[in-house]
Amino acid sequence: MSEPIPPGTEAIRLTDIRFRYRGAEELALDGVSLSMQQGELLGIVGPSGAGKSTLALVMSGQIPAFVEGAFGGETLLFGRTTRGWRSADLAEIVGMVYQDPEAQLYGLTVEEELVLGLENRCLPPEEIRERVAWALDVTRLHDVLEKSPYALSGGQKQRVVIAGVLALQPRILVLDEPTSALDPRGKSALYELLTTLARSGVTVVIVEHDIERLARHADRVCWLEDGRVAAIGPPEEVLGRPAESAVGVLRLPQVAQLAHRLGLAAPYPVTVERAAEVLGHRLRPGRVEGD
């Protein structure tokens with residue numbers, strides 16, 4: 001990656017963010033404030049229409065730089081406001097991966113896809129080769145280098161897009177529902193990659209509907225409701241409590257539902273590993289209630 005960033009550096013700070021899309025009557029975001037540290041993996045969840053994709057656009061700097069609408073508040077990326085940024089400035093710091101990978105594919109081969117953005121920056125050939133080699137290594141795409149990205153599986157296409165973004169060496173990676181079209185193996189591979197990137201110092205934001213998988217990997221989860229932050233904190237604190245929502249009762253992960261039915265106190269475990277730890281003694285054969 002590019003120049004090292006000291007641990008504990010604040011990567012993203014949103015202060016009282018309000019945004020209304022051009023032509024819309026309602027606010028898509030209404031007073032959102034949060035911050036992220038460098039190397040953190042934050043999941044964004046919530047019902048449809050809560051503002052998740054809009055928040056991703058704000059955290060990637062696309063709003064207010066390139067999306068039309070009424071914007072209020074302040075977004076800082078590593079202490080720098082996103083107001084007035086050029087596309088080239090933004091690409092130096094943050095990469096955005098959208099839900100549909102084909103919308104971000106331009107090259108005729110995977111190699112061309114990875115090289116294109118680097119050549120546009122007029123980087124030396126040797127540096128381009130080094131960056132492409134690194135991106136291929138972390139995304140495990142060496143065996144499809146000469147193939148057309150459009151001939152690949154959905155998971156491979158998503159990894160090609162991520163590799164292209166990573167080759168630009170952003171400090172922040174924002175992904176909007178990248179697992180929606182992936183099979184379980186593809187989802188696991190993607191989360192393994194994102195976790196590795198976060199440990200290496202990349203700040204990762206992921207909008208996700210698969211809350212059970214997200215809970216196993218995220219450092220924190222932000223729950224959005226009607227354009228506002230309803231809760232933010234460790235996965236177990238946010239996803240392990242039954243709560244009322246404007247659209248009904250928030251769905252708990254399956255292991256949390258089991259803990260709830262067994263009468264445990266909230267917050268409930270939200271991962272299989274934690275559930276095994278918490279519930280193991282209750283499910284042990286031959287255990288007598290009161291032991």
Side-chain angles (χ1 to χ4, degrees), residues 1-5 38-39 41 56 60-62 66 87-208 210 213-214 216-217:
M1 303 303 291
S2 52
E3 62 205 63
I5 304 167
Q38 174 256 337
L41 197 160
S60 67
Q62 303 294 313
F66 309 114
S87 177
D89 296 332
L90 197 58
E92 292 282 344
I93 294 181
V94 60
M96 180 81 186
V97 176
Y98 297 92
Q99 182 175 350
D100 179 9
E102 290 198 6
Q104 289 182 266
L105 294 174
Y106 302 98
L108 297 179
T109 66
V110 170
E111 182 177 28
E112 184 177 317
E113 187 69 37
L114 271 60
V115 166
L116 187 61
L118 301 174
E119 288 182 336
N120 287 340
R121 288 194 184 179
C122 300
L123 296 176
E126 181 59 32
E127 183 173 354
I128 290 177
R129 285 192 292 269
E130 290 177 358
R131 290 195 183 199
V132 168
W134 174 80
L136 288 171
D137 185 51
V138 298
T139 55
R140 302 174 184 174
L141 288 170
H142 294 92
D143 57 338
V144 297
L145 188 60
E146 300 301 325
K147 292 185 178 181
S148 166
Y150 302 98
L152 303 178
S153 68
Q156 289 174 318
K157 288 176 182 177
Q158 195 66 274
R159 282 191 285 154
V160 170
V161 171
I162 292 173
V165 171
L166 291 179
L168 299 173
Q169 297 189 346
R171 298 177 177 179
I172 299 169
L173 182 62
V174 181
L175 307 98
D176 188 3
E177 296 200 19
T179 68
S180 59
L182 302 184
D183 59 21
R185 173 183 281 185
K187 291 180 180 182
S188 296
L190 177 60
Y191 268 103
E192 181 181 342
L193 169 60
L194 296 179
T195 302
T196 299
L197 290 171
R199 289 173 180 169
S200 74
V202 178
T203 304
V204 179
V205 178
I206 179 168
V207 175
E208 183 61 282
D210 187 344
R213 192 175 299 273
L214 179 68
R216 294 200 293 270
H217 298 273

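Index from 1, following the sequence. Hydrogens, waters and symmetry mates play no part in the numbers below; they use all other heavy atoms, side chains included.
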Taking all heavy atoms of Ala135 and all of Ala163, pick out the closest pair and write down the distance.
-> CB-O, 3.5 Å

Does Ser153 offer a backbone N or O that forms a donor-acceptor pair with the side chain of Gln156 under 3.5 Å?
-> yes

Closest non-hydrogen contact found for Pro149 with Val110 is CD-N, 3.9 Å

Evaluate the side-chain proximity of Gln169 to Arg131: yes if any heavy-atom separation is below 4.5 Å, no if none is.
-> yes

Give every residue pair that meets the side-chain hydrogen bond (donor to acceptor under 3.5 Å, both in side chains) criterion with at least one member in residues 95-106, sequence neighbours excluded.
-> Gln99-Ser180, Glu102-Lys157

Would you mind reporting whether Leu105 and Val161 have side-chain heavy atoms less than 4.5 Å apart?
-> yes

Residue pair His142 / Asp137, side-chain heavy-atom distance below 4.5 Å | yes

Point-to-point distance, once rounded to the nearest 0.5 Å, from CG of Leu190 to CD1 of Ile162 | 4.5 Å

Of all heavy-atom pairs between Leu152 and Ser148, which one has the smallest distance, and what is that distance?
-> CG-O, 3.6 Å

From CA spacing to verdict: salt bridge (Lys or Arg N to Asp or Glu O under 4.0 Å), Glu208, Lys187 | CA-CA 11 Å; Glu208 183 61 282; Lys187 291 180 180 182; over 6 Å; no

Any donor-acceptor N/O pair, Thr203 side chain to Gly39 backbone, under 3.5 Å | yes

From Arg159 atom CZ to Leu136 atom CG, the distance as rounded to the nearest 0.5 Å | 10.5 Å

Can you measure from CG (Leu123) to CD (Glu130) and round to the nearest 0.5 angstrom?
-> 11.0 Å

Separation of Leu118 CG from Leu116 CG (nearest 0.5 Å) = 8.5 Å

Nearest-0.5 Å distance, CG of residue Leu41 to CG of residue Leu197 | 9.0 Å

CG of Asp210 to CD of Glu177, rounded to nearest 0.5 Å, is 10.5 Å

What are the two closest non-hydrogen atoms of Leu166 and Val138, and how far apart are they?
-> CD1-CG2, 3.9 Å

Is any side-chain heavy atom of Tyr191 closer than 4.5 Å to a side-chain heavy atom of Leu214?
-> yes

Please tell me if the side chains of Leu175 and Val207 come closer than 4.5 Å, counting only heavy atoms from C-beta onward.
-> no

Charged N-O contact under 4.0 Å between Arg140 and Glu192 = yes

Give a yes or no answer on whether the side chain of Gln158 reaches the backbone of Pro101 with a donor-acceptor pair at less than 3.5 Å.
-> no

Of all the heavy-atom pairs spanning Gly95 and Val165, show the shortest one and how long it is.
-> CA-CG1, 3.5 Å

Kindly indicate whether the side chain of His217, heavy atoms from C-beta on, has any atom under 4.5 Å from the side chain of Leu194.
-> no

Heavy-atom closest contact (Leu90 atom, Phe66 atom, distance) | CD2-CE1, 3.5 Å

